[in-house]
Amino acid sequence: MNSEYNALEIESQAQQYWKENKSFEVVEDSSKEKYYCLSMFPYPSGRLHMGHVRNYSIGDVISRFQKMQGKNVMQPIGWDAFGLPAENAALKNKVAPAKWTYENIDYMRDQLSQLGFGYDWSREIATCNPKYYKWEQWLFVKLFKKGLVYKKNAVVNWDPVDQTVLANEQVIDGRGWRSDALIEKKEISQWFMRITDYADELLESLDSLDGWPDAVKTMQKNWIGKSVGLEISFNRINNEPLKVYTTRPDTLMGVTYLAVASEHPLAIEAGSNNTEVQAFIDDCKTMETSEAAMETMEKKGVNSGLTCVHPITGQEVQIWIANFVLMGYGTGAVMSVPAHDQRDYEFAQKYTIPMLEVIRPINAEHDITQNAFTNKGILCNSGEFDGLNFDEAFEAIAQKLNTSNLGEKQTNYRLRDWGISRQRYWGCPIPIINCESCGSVGVPETDLPVTLPEDVSFDGIGSPIKKMPEFYQTTCPTCGGEAQRETDTFDTFFESSWYFARYACADNTEAMLDERADYWLEVDQYIGGIEHAILHLLYARFFSKLLRDEGLINHDEPFKNLLTQGMVLKDGAKMSKSKGNTVDPADMIQKYGADTVRLFILFAAPPTQDLEWSDSGLEGSYRFVNKVYRLVEGYLADAKTNDALSLDGVTLNKEQKQIRQKTHQSLSKITDDIDRRHSFNTAIAALMELTNTLGRFKQTDGQSMAIRLESIEIILRTLSPITPHLCHYLWQQLGHQEAIIDTLWPSVDKKALQQDEVQIIVQVNGKLRAKLMLNANTDKSIVEAQALADENVCKFTKDKTIVKVIVVPNKLVNIVIK
RNA sequence: GCCGAUGUGGUGGAAUUGGUAGACGCGCCGGAUUCAAAAUCCGGUUCCUUCGGGAGUGACGGUUCGAUUCCGUCCAUCGGCACCA
């Protein structure tokens, strides 16, 4: 054993050992319980940052821990390799997105290896590889034939200068990030998946996800946004009625205007003979499309001059055109009740539209001249409905409208169908051929994959494949006539929606998935950033149900347990390449070694908490790693001249007993912290305490040597998921033939835990006044008497009346005085 | 704006089921060791104090014998908001 801890040497040797012995390569094995541990795969942005290190360290600790529980553990890794940053890099560095991506993957694969993560590299996936995306094209064609995919018009951000579609992220204050041009909304035809067909199941099965954080389930539930309301028709003379959906039909009698989106046919009609209206509609064209922008921008509108008829009163209602109504959501029109909706209230005040109070609070006052009353209450000014509460009014109005065919109950979802078309180059080609006579035709299975040309020059003016006849010119599979390929690509969430299943059978060239997927699924533990709480996780759940309905897997849900890691922030914001605030672990690994870096990121905070990055304290982790090294070194030096006897556990002196007690208490805590609580920081703290305690215990008699060895071996095995290289090395130094990764987790000796005495806290009126050491399970009345007799306690109880005494066994006494 | 989180010493954080607030680190202060330094080891470190004690977990209220923990209102910060991944 070297007298100096040499991290880099120890680490490369351990990594070499794992590689040669295929320590992490697994196959299906019916004799063992399987455990599938998955961390969200990275986008190959160039270099790892501390967010990755955190994510993958957590996954590795759980994987190694489960392996030491004797389970058949699969921990795969791959690359979410399609996406926008490759195109941005292509523009900046004049390098093809494919080349840039593959180089990044090579670099980052090295970094992951250096960190010693126990991946089964034989299952590695890169989503930009045709062998991977072939199968999502195959699935897409099946879903297309099944009617789960359709085409419709949808709005995109159009940069008129760069002649390209921009992502929301690339639109800054309404302008293109490169061109600075005012961005226009543009409607183009795009592919959608009918995720709303599964809205109910996606909502219902959330209840079965016991291993998911409640916060994530709540966010998904709210995102799906199931509501029951009324679809109400407002008739228009000699025209189609205008339909609106509302969850507050009780406020119907308070409607003073309707609002439609600027793209609504009525708006276009109104604009065609009114320049003021047309000017407003034109103004709406340069408007950000994101919901956040919609909600926070100034609410504006214009009176269309058109009117409709209130379905109950028969009165004329104005139709306004408003910038906050979305054409793509619902009917593109809403009913407005200024007295009972704050947005309508402000809009009505701004444009002096009348307001009608029709709901009053039940047992309170509300001044409607101050703001809208948006709670439910009792109806007033509503004619025959006066005095009804929300539920009664809902039913009565629904019934009334139903008889006149002007309204019916409807269940609505906030969730919209998933738009999967992207007008980008670096993505998976949508496998559709457009034929003038046959329409859209799915690419036949034998012609898959539709391969994305990789050797292209990328200039940022639209996608290269839209300018490559050799790519898009083809023949129709149905009629054989001339036809054109779809040149849009999939949303990159498509790839990440099924990769977890593909890992189980990544080598299958004949099928998307096989029976091995059923062996490994569902994922026992999924780990990833909280920022994916809604979109990625919802799409992956959706895909699971699609795959199930195609008979490809037999699970309803992909992820049994979910650990949402908090963000690693730098300068108060999420680390990302586009913000330029990433921290590369490379230098730290070089200086301290991977074990120290892993230990530090896990020790810095509990995994679910956000973490503002700072490397102060990294030294402390390095110190601890060295301390463990010296602990073993010290033991081995003593062992040269002193033999460890077999531990008898009976004849031990007090100090020896205490060491064993501390050891097994720590083991118990560490096990629970890692397994149940995922509280790695406190597990490490317990390991530090135990190491410190043991470092002070230097006895060399036979029993003491045995106790030291037992304790050291517990430290090494419980620390090994966290700092695996160091523990691998030290385990060898202790003379073991079997590698530590192949050993089992130690078990707690309950006899060592036994405590003779317990500390009792004595409070007077909730304030700490004394601590007593008493035999465990001392009778309640004796504990109480002892507490009352305590000298310091008496100082506070003297001349006071004792109202009551609360005794919590083996823990606490609280004396309440007056 | 809406939805979901978070808020504790100089600092990262701990307190698991409502029961000792500040575990374990970092930093700082003092000591040992050293020719000296690094490294290491030992001790101290919430604030105020008349040294009895008092106050204190973003703010203000509430429930309780007892609240960092439960409830209400507010403030600040972070994540998501459908084309960043």
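The basis for the numbers below is simple: all heavy atoms, side chains too, and nothing from hydrogens, waters or symmetry mates. A, B, ... follow the sequence lines: proteins, then strands. Residue 1 opens every chain.
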Taking the nucleotide of RNA chain B with the closest heavy atom to each, which residue, A:E295 or A:R416, is nearer the 5' end? A:E295
Rounded C1' spacing from B:G66 to B:U17 in Å: 15 Å
Tell whether A:K669 reaches the base of B:U16 with its side chain through a donor-acceptor pair below 3.5 angstrom. yes
Work out how far the C1' atom of B:G56 is from that of B:U46, and round it to whole angstrom. 8 Å
Name the nucleic acid region contacted by A:H536, choosing base, sugar-phosphate or nothing; use a 4.0 angstrom heavy-atom cut-off, strictly under. nothing
Picking from B:A5, B:G1, B:A14, the nucleotide nearest the side-chain atoms of A:T296 would be B:G1
Which nucleotide wins on minimum distance to the side chain of A:K767, given the candidates B:C84, B:A55, B:G19? B:A55
Pick base, sugar-phosphate or nothing for A:L84, based on heavy-atom distances below 4.0 Å to the nucleic acid. sugar-phosphate
Among B:A85, B:A82, B:G12, the one nearest A:W223 by side-chain distance: B:A82
Taking only Lys NZ, Arg NE, NH1 and NH2, and the carboxylate oxygens of Asp or Glu, determine whether A:K350 and A:E298 approach each other closer than 4.0 Å. yes
Taking the ring of A:F494 and the ring of A:Y133, is the distance between their centroids below 6.0 Å? no
Which part of the nucleic acid, if any, lies within reach of A:Q609 when heavy atoms closer than 4.0 Å are counted: base, sugar-phosphate only, or nothing? sugar-phosphate
May I ask you to say what A:S421 touches in the nucleic acid, namely base, sugar-phosphate or nothing, with a heavy-atom cut-off under 4.0 Å? base
Compare the minimum distances between each of B:U20, B:A82, B:G25 and the side chain of A:S290, then state the nucleotide with the smallest one. B:A82
Rounded to whole angstrom units, what separation is found between the CZ atom of A:F41 and the C1' atom of B:C84? 15 Å
A:S616, nearest nucleotide to its side chain (from B:C26, B:A23, B:C41): B:C26
Closest approach to the side chain of A:L611, judged atom by atom: which nucleotide of B:G53, B:U40, B:G12 is it? B:G12
Select base, sugar-phosphate, or nothing to describe what A:E689 touches, counting heavy atoms under 4.0 Å on all strands. sugar-phosphate
CD of A:E612 versus C1' of B:G10: gap in Å, rounded? 17 Å
How far, in whole Å, is B:A21 from B:C47 if one measures between their C1' atoms? 14 Å
Identify whether any heavy atom of A:R769 sits under 4.0 Å from a base atom; if not, whether one sits that close to sugar-phosphate; answer base, sugar-phosphate or nothing. sugar-phosphate
Base, sugar-phosphate alone, or nothing: which one does A:V156 contact when heavy atoms must sit under 4.0 Å apart? base
Counting the atoms with a prime plus P, OP1 and OP2 as sugar-phosphate, which does A:P42 contact under 4.0 Å by heavy atoms, base, sugar-phosphate, or nothing? nothing
Nearest heavy atom decides the nucleotide; on that basis, is A:L569 or A:Q759 closer to the 5' end of RNA chain B? A:Q759
Base, sugar-phosphate, or nothing: which does A:R623 touch, judged by heavy atoms less than 4.0 Å apart? sugar-phosphate
Selected nucleotide, minimal atom distance to A:L768 side chain, candidates B:C24, B:U20, B:C78: B:U20
Nearest to the A:L535 side chain among B:G13, B:U16, B:A85, which nucleotide is it? B:A85
With syn defined as a glycosidic torsion within 90 degrees of 0 and anti otherwise, which applies to B:G52? syn
Among side-chain atoms of A:D341 and A:S336, is any donor-acceptor pair under 3.5 angstrom? no
Centre of A:Y150's six-membered ring, under 6.0 Å away, within 45 degrees of the axis: is that where NZ or CZ of A:R194 sits? yes
For the P atoms, the ones on B:C35 and on B:C48, what distance do you get once it is rounded to whole angstrom? 41 Å
Checking ring pair (Phe, Tyr, Trp, His ring centres under 6.0 Å) against A:Y132, which of A:W498, A:Y499, A:W79 comes through? A:W498
Sticking with atom C1', work out how far B:G30 lies from B:G18, rounded to a whole angstrom. 40 Å
Hey, does A:D672 reach any base, or is it just sugar-phosphate, or nothing, if we go heavy atoms under 4.0 Å? base
Quick check: closest heavy atoms across A:T374 and A:H340, and the distance to 0.1 Å? CG2-O, 3.5 Å
For A:A533 against A:M219, the heavy-atom pair lying closest together: CB-CE, 3.7 Å
Minimum-distance nucleotide (side-chain atoms of A:L415 versus B:A5, B:U16, B:A82): B:A82
Identify which one of A:L618, A:L687, A:T723 satisfies the side chain to side chain contact (heavy atoms under 4.5 Å, CB included) criterion when paired with A:L599. A:T723
Have a look at A:K771 and say if it touches a base, only the backbone sugar-phosphate, or nothing, with a 4.0 Å heavy-atom cut-off. base
Would you indicate what A:V165 reaches in the nucleic acid, counting non-hydrogen atoms under 4.0 angstrom: base, sugar-phosphate, or nothing? base
So what does A:Y43 touch, heavy atoms closer than 4.0 Å: a base, only the sugar-phosphate, or nothing? sugar-phosphate
Can you tell me which residue among A:I183, A:N88, A:D162 is in a side chain to side chain contact (heavy atoms under 4.5 Å, CB included) with A:Q170? A:N88
Side chain of A:T682, heavy atoms from C-beta onward: which of B:C65, B:A15, B:A82 has the nearest atom to it? B:A15
When rounded to the nearest Å, what value does the distance between P atoms of B:C60 and B:C26 take? 34 Å
Using a strict cut-off of less than 4.0 Å between a Lys/Arg side-chain nitrogen and an Asp/Glu carboxylate oxygen, indicate whether A:E486 and A:K151 qualify as a salt bridge. yes
Distance between the C1' atoms of B:G25 and B:G9, in whole angstroms? 14 Å
Using a heavy-atom cut-off of under 4.0 Å over every strand shown, decide if A:N814 touches base, sugar-phosphate, or nothing. base
B:A37 to B:G31 separation - P atoms, rounded to the nearest Å: 12 Å
How does RNA chain B look in dot-bracket notation if pairs are Watson-Crick or G-U with both distances under 3.5 Å, crossing ones as [ ], other-strand ones as |? (((((((..(((......[....)))((((((.......))))))(((....)))..(((((..]....))))))))))))....
